[in-house]
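Quick caveat: nothing in here was measured; it's all calculated off a predicted structure.
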Amino acid sequence: QVQLVESGGGLVQAGGSLRLSCAASGRSFSTYAMAWFRQAPGKEREFVAGISQSGGSTYYADSVKGRFTISRDNVKNTVFLQMNSLKAEDTAVYYCAADSYLTVVAERYDYWGQGTQVTVSS
């Protein structure tokens with residue numbers, strides 16, 4: 001089992017940047033693929049970015065490609081989401097998730113953090 005705690009959310013102006021972190025504890029972090037999802041009010045939870053266990057493979061939603069970067073540090077048991085050129089439509093609660101397999105399907109993930117709010121003012 002793994003516990004996940006996100007941090008780094010906040011209020012930022014459009015065009016600005018934020019860096020989210022997700023610290024993991026419990027079973028070996030490096031055995032999990034990690035992903036970031038987000039959920040805006042009244043909308044479904046959607047895949048944002050994912051990274052393989054080694055960090056060698058990354059995947060992004062089309063809406064964030066070229067603006068967001070996912071990375072991980074398997075020594076510090078942390079996954080990051082660097083968000084640049086933020087837009088008002090990026091406003092959502094951002095969640096990190098862990099599972100043995102990297103997928104864009106939220107229901108497949110066994111472990112979730114509590115979420116961190118990102119608000120982008122236009």
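Residues satisfying the side chain to side chain contact (heavy atoms under 4.5 Å, CB included) criterion with Tyr59, sequence neighbours excluded, are Phe47, Ser57, Leu102. Take Glu89 and apply the salt bridge (charged side-chain N to carboxylate O under 4.0 Å, His left out) test, not counting sequence neighbours, and it matches no residue. By the side chain to side chain contact (heavy atoms under 4.5 Å, CB included) test, Gln114 is found to be paired with Val5, Glu6, residues two or more places apart in sequence or in another chain being considered. Every residue was checked against the side chain to side chain donor-acceptor pair (under 3.5 Å) condition with Lys43, not counting sequence neighbours, and none meets it. Ser28 meets the side chain to side chain donor-acceptor pair (under 3.5 Å) test with Ser30; sequence neighbours excluded. Listed by chain and residue number, Gln3 satisfy the side chain to side chain donor-acceptor pair (under 3.5 Å) test with Ser25 (two or more places apart in sequence, or in another chain). Partners of Glu46 under the side chain to side chain contact (heavy atoms under 4.5 Å, CB included) rule, at least two apart in sequence or in another chain, are Arg38. Residues meeting the side chain to side chain contact (heavy atoms under 4.5 Å, CB included) test with Thr58, sequence neighbours left out: Ile51, Tyr60, Ile70.
Criterion: ILVMFWY side-chain heavy atoms under 4.5 Å apart, direct or through other members. Under it, Val64 and Leu86 are part of a common hydrophobic cluster. Note: the hydrophobic cluster containing Val12 also contains Leu81 (ILVMFWY, side chain heavy atoms under 4.5 Å, direct or indirect links).
Counting side-chain heavy-atom gaps under 4.5 Å among Ile, Leu, Val, Met, Phe, Trp and Tyr, Leu11 is found in no cluster with other residues.
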>> Pair Phe29, Met34 - check side chain to side chain contact (heavy atoms under 4.5 Å, CB included), show working.
In response: CA-CA 9 Å; Phe29 176 71; Met34 301 296 297; 3.8 Å; yes
>> Set out, in order, the CA-CA distance, both residues' side-chain angles and the distance that settles side chain to side chain contact (heavy atoms under 4.5 Å, CB included) for Met83 and Tyr94, then state yes or no.
In response: CA-CA 11 Å; Met83 305 186 296; Tyr94 283 71; 3.9 Å; yes
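Sorted by first and then second residue, the disulfide bond (SG atoms under 2.5 Å apart) pairs involving residues 87-122 (not counting sequence neighbours) are Cys22-Cys96. Screening residues 52-70 for salt bridge (Lys or Arg N to Asp or Glu O under 4.0 Å) gives Asp62-Lys65, Arg67-Asp90 as the qualifying pairs, with residues at least two apart or on separate chains. For residues 95-112, no pair satisfies side chain to side chain donor-acceptor pair (under 3.5 Å), with sequence neighbours left out.
Scanning both residues, Val2 and Ala98, for their nearest heavy atoms gives CG1-CB, 4.1 Å. Shown here for Val75 and Asp73, the closest heavy-atom pair between the two residues is N-OD1, 2.9 Å. Nearest heavy-atom pair across Ala24 and Leu4 is CB-CD2, 3.7 Å. Residues Ala14 and Ser122 approach most closely at CB-CA, 4.2 Å, considering heavy atoms.
A cation-pi arrangement is absent between Arg72 and Tyr32, since the terminal nitrogen or guanidinium carbon is not both under 6.0 Å from the aromatic centre and inside a 45° cone about the axis.
Side chain of Thr116 to main chain of Gly9: a donor-acceptor pair is present (N/O by atom type, distance under 3.5 Å, no hydrogens or angles).
Atom OG of residue Ser71 and atom CZ of residue Phe80 lie 6.0 Å apart, to the nearest 0.5 angstrom.
Counting heavy atoms from C-beta on, the side chains of Gln117 and Thr91 come closer than 4.5 Å.
Between the side chains of Asn84 and Ser17, at least one donor N or O lies within less than 3.5 Å of an accepting N or O.
If you run side chain to side chain contact (heavy atoms under 4.5 Å, CB included) between Phe68 and each of Leu18, Leu20, Val48, only Val48 comes through.
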